[in-house]
Amino acid sequence: MSDLTGSVWPQLRTALMQAFPQLYELVPGGALAMDLGPDGWLLEVRPEGAVLCQYGVALDDVMALMSDGTPEDLGTDEVAKQAKYFIQPAVGKYRALLLQSGFTEETEMNGAFVAAMFTRPVDVTNPSKVQDLMRWCQREIGRGA
């Protein structure tokens, strides 16, 4: 996968935005994203040729649940561990399907969130294949959202 931001990406981006009006830019000219239904899953298409289905939670939300309104100082590591535990039921529901469909799984953590990311490479020169994969994600995870 190479960075195609300057060549094929603008054409693919335009085609995707027309086919999926609910897409929005994460950064100007960069990756496109859309919600996959009410369960909190996010679909992202990246210029380097990847489609991601991801589910995550903000560490602040987990910290609020853990502290139950008390101002105690919780360590980031403990909050991140709880966040990973918190997202497992939602992730487990689709893990096998995504892995069997050619996605690879990894966990992304930073100071703001923890997310399970399922990534699959795509050929950005073939907009119809990218759109087909996006529709499959909508159908399987978003239930047509």
Side-chain angles (χ1 to χ4, degrees), residues 1-69 74 76-145:
M1 293 186 289
S2 60
D3 185 4
L4 301 167
T5 308
S7 57
V8 179
W9 176 247
Q11 296 165 5
L12 176 63
R13 184 184 166 285
T14 299
L16 294 178
M17 299 277 299
Q18 289 172 350
F20 300 93
Q22 67 272 46
L23 282 169
Y24 55 91
E25 290 183 315
L26 294 174
V27 295
L32 298 172
M34 69 178 171
D35 295 328
L36 286 176
D39 291 341
W41 281 84
L42 181 74
L43 178 119
E44 184 179 334
V45 181
R46 293 189 174 170
E48 63 269 15
V51 168
L52 286 79
C53 292
Q54 54 191 316
Y55 184 86
V57 63
L59 292 184
D60 287 345
D61 293 343
V62 175
M63 195 175 306
L65 291 170
M66 289 174 63
S67 67
D68 198 30
L74 300 168
T76 304
D77 290 345
E78 180 62 25
V79 175
K81 186 188 332 178
Q82 289 299 316
K84 283 176 70 175
Y85 176 77
F86 180 77
I87 66 175
Q88 283 312 304
V91 172
K93 186 175 178 182
Y94 298 106
R95 177 179 281 122
L97 176 67
L98 288 164
L99 294 175
Q100 290 170 0
S101 300
F103 286 83
T104 57
E105 180 182 5
E106 58 186 275
T107 301
E108 182 175 335
M109 287 189 269
N110 64 31
F113 69 89
V114 172
M117 297 184 3
F118 294 87
T119 307
R120 183 169 157 183
V122 291
D123 179 1
V124 294
T125 64
N126 191 338
S128 65
K129 288 282 189 190
V130 176
Q131 290 175 17
D132 287 348
L133 181 58
M134 293 172 68
R135 283 187 191 97
W136 180 88
C137 292
Q138 280 185 308
R139 184 176 61 250
E140 296 300 324
I141 296 173
R143 299 290 178 222

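As the structure is a prediction and not an experimental result, all values here were calculated from the model.
Side-chain contact between V130 and L16: present, with at least one pair of heavy atoms (C-beta onward) separated by less than 4.5 Å.
Residues that satisfy the salt bridge (Lys or Arg N to Asp or Glu O under 4.0 Å) test with E108, not counting sequence neighbours, are absent from this structure. D61 meets the salt bridge (Lys or Arg N to Asp or Glu O under 4.0 Å) test with no other residue; sequence neighbours excluded. Judged as a side chain to side chain donor-acceptor pair (under 3.5 Å), and not counting sequence neighbours, D132 has no contacts. In this structure E106 satisfies the salt bridge (Lys or Arg N to Asp or Glu O under 4.0 Å) test with no other residue, sequence neighbours excluded. Every residue two or more places apart in sequence or in another chain that forms a side chain to side chain donor-acceptor pair (under 3.5 Å) with E44 is listed here: R46, Q54. The side chain to side chain contact (heavy atoms under 4.5 Å, CB included) test applied to D60 returns no partner, not counting sequence neighbours. For A33, the side chain to side chain contact (heavy atoms under 4.5 Å, CB included) partners two or more places apart in sequence, or in a different chain, are Y24, L26, L42. A search for side chain to side chain contact (heavy atoms under 4.5 Å, CB included) contacts involving L99 returns R95, E105, F118, not counting sequence neighbours. Remark: D39 pairs with W41, K93, Y94 by the side chain to side chain contact (heavy atoms under 4.5 Å, CB included) rule, at least two apart or across chains.
The CG atom of L23 lies 6.0 Å from the CE atom of M17; values are rounded to the nearest 0.5 Å. The distance from atom CG of L36 to atom CD1 of I141, rounded to the nearest 0.5 Å, is 6.0 Å. Put simply, CE on M117 and OH on Y55 are 16.0 Å apart, with the number rounded to the nearest 0.5 Å. Taking CG of L43 as the start and SG of C53 as the end, the distance is 5.0 Å to the nearest 0.5 Å. The distance from atom CE of M134 to atom CZ of R139, rounded to the nearest 0.5 Å, is 13.5 Å.
Listed here is the closest heavy atom pair of V91 and A116: CG2-CB, 3.6 Å. Heavy-atom minimum distance, I87 versus G56: CG2-C, 4.2 Å. Of all non-hydrogen atoms in A15 and Q131, the two that sit nearest each other are O-NE2, 3.7 Å.
Counting only residues at least two apart or on different chains, the salt bridge (Lys or Arg N to Asp or Glu O under 4.0 Å) pairs with a member in residues 11-31 are R13-E25. Identified under the ring-ring contact (aromatic ring centres under 6.0 Å, His included) test for residues 121-142, with sequence neighbours left out: none.
Without hydrogens or angle criteria, D123 side chain to T125 main chain gives a donor-acceptor distance under 3.5 Å. Under a 3.5 Å cut-off, the side chain of R120 and the backbone N or O of S101 do form a donor-acceptor pair.
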Item to complete: In sequence, state the C-alpha distance, the side-chain angles, and the governing distance for L97 and E140, and then conclude on side chain to side chain contact (heavy atoms under 4.5 Å, CB included).
Response: CA-CA 9 Å; L97 176 67; E140 296 300 324; 3.7 Å; yes
Worksheet item: Would T107 and K84 count as a side chain to side chain contact (heavy atoms under 4.5 Å, CB included) if you check the C-alpha gap in whole Å, the side-chain angles of each, and the deciding distance to 0.1 Å?
Response: CA-CA 9 Å; T107 301; K84 283 176 70 175; 4.3 Å; yes
Worksheet item: Between F103 and L133, does a side chain to side chain contact (heavy atoms under 4.5 Å, CB included) hold up when you go through it step by step?
Response: CA-CA 11 Å; F103 286 83; L133 181 58; 4.0 Å; yes
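Dense packing is recorded around CZ of F20, with more than 12 heavy atoms of other residues, nucleotides or ligands lying under 6.0 Å away.
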